[in-house]
Amino acid sequence: MSTLRLRALALSLCLFAPWAGAVDYRSVGVPAAILYDAPSLQAKKLYLIKAQTPVEAVVKLDGWIKVRDAEGTLAWIEAGQLAPRRTVIVTAAQTPLRSEAREEAPVLIECGKWVVLDFVAAAAPGWVQVKHRDGATGFVRAHQIWGL
């Protein structure tokens, strides 16, 4: 590899290193929050997002956080509207909450699309332990939820 290419590679690694860390997920901590197209109360209001919905914090700026939702939409929210609580949201049409982290385990409940679950812990490869708002704790497949 040429010296020029090595220098370019080293420079790109330095530039992108700050983004190589873990993804920062939070949840909406108020009954409903307004998302804006810019970090200002005078900006255009885009939509409302309900309590406990998970979002990915992308950029932090003076009391505002740019977030990504489960559909990939980027918007700004006041930082005080978010909580550190970890939740995930079901993205599949139907997702069984199983008693164990395996396909053959009994189904405790079926969760429909857009149901919010509390994140408990990572489980066996491809599985996540979650808690439903009605109290059931079990396991779902990681590819059927968003917010990890």
Side-chain angles (χ1 to χ4, degrees), residues 1 8-40 43-148:
M1 191 177 282
L9 177 62
L11 178 61
S12 65
L13 289 174
C14 290
L15 290 174
F16 294 107
W19 292 283
V23 178
D24 183 15
Y25 286 101
R26 310 225 183 139
S27 60
V28 176
V30 295
I34 300 171
L35 282 99
Y36 297 86
D37 71 345
S40 168
K44 181 181 175 186
K45 295 175 182 175
L46 299 176
Y47 59 95
L48 288 174
I49 192 166
K50 68 180 186 171
Q52 300 176 356
T53 302
V55 292
E56 175 190 354
V58 178
V59 176
K60 298 171 190 166
L61 178 69
D62 296 328
W64 290 84
I65 299 179
K66 188 172 195 174
V67 297
R68 178 179 292 117
D69 66 15
E71 294 180 305
T73 304
L74 291 169
W76 289 92
I77 188 171
E78 291 179 89
Q81 305 276 301
L82 296 178
R85 179 179 180 188
R86 284 293 306 272
T87 59
V88 295
I89 194 164
V90 175
T91 55
Q94 286 292 314
T95 298
L97 182 68
R98 298 188 180 275
S99 61
E100 298 175 44
R102 56 186 183 85
E103 287 294 334
E104 305 80 28
V107 174
L108 302 173
I109 57 172
E110 288 281 342
C111 300
K113 191 169 186 173
W114 305 127
V115 169
V116 173
L117 304 166
D118 286 324
F119 173 83
V120 176
W127 291 88
V128 179
Q129 186 177 20
V130 294
K131 182 176 180 181
H132 189 271
R133 68 177 172 260
D134 292 340
T137 299
F139 300 86
V140 294
R141 298 294 305 204
H143 70 274
Q144 296 179 312
I145 58 175
W146 183 87
L148 296 176

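Residue pairs that meet the side chain to side chain donor-acceptor pair (under 3.5 Å) test with at least one member in residues 67-78, sequence neighbours left out, are Y47-D69, E56-R68.
Between W64 atom CH2 and Y36 atom OH the span is 5.0 Å, to the nearest 0.5 Å. Considering CG of L35 and NZ of K45, their distance stands at 12.0 Å, rounded to 0.5 Å.
Each of I65, V67, L74 was compared with V58 under the side-chain contact (heavy atoms from CB on, under 4.5 Å) criterion, and only L74 meets it.
Looking at every heavy atom in both residues, K131 comes nearest to T137 through CG-OG1, 3.5 Å. Shortest non-hydrogen contact noted between T87 and S27 is OG1-CB, 3.5 Å. The two residues A70 and W114 make their nearest non-hydrogen contact at CB-CZ3, 3.9 Å. For the residue pair Q129 and A123, the shortest heavy atom distance occurs at N-CB, 4.2 Å. Minimum interatomic distance between E100 and W127 (heavy atoms only, all atoms of both residues): O-CZ3, 4.4 Å. For V116 against T53, the heavy-atom pair with the smallest separation is CG2-CA, 4.3 Å.
You'll find the side chain of V115 reaches within 4.5 Å of the side chain of H132, heavy atoms only.
At distances below 3.5 Å, at least one donor-acceptor pair connects side-chain atoms of T91 with backbone N or O atoms of Q144. Proximity of a side-chain donor or acceptor of R86 to a complementary backbone N or O of G147 within less than 3.5 Å is detected. With D24 contributing its side chain and A57 its backbone, the two residues share no donor-acceptor pair below 3.5 Å. With hydrogens and angles ignored, the 3.5 Å screen pairs no side-chain donor or acceptor of R85 with any backbone N or O of Q52.
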Go through the steps for V140 and V90 under the test side chain to side chain contact (heavy atoms under 4.5 Å, CB included), then give the verdict. CA-CA 9 Å; V140 294; V90 175; over 6 Å; no
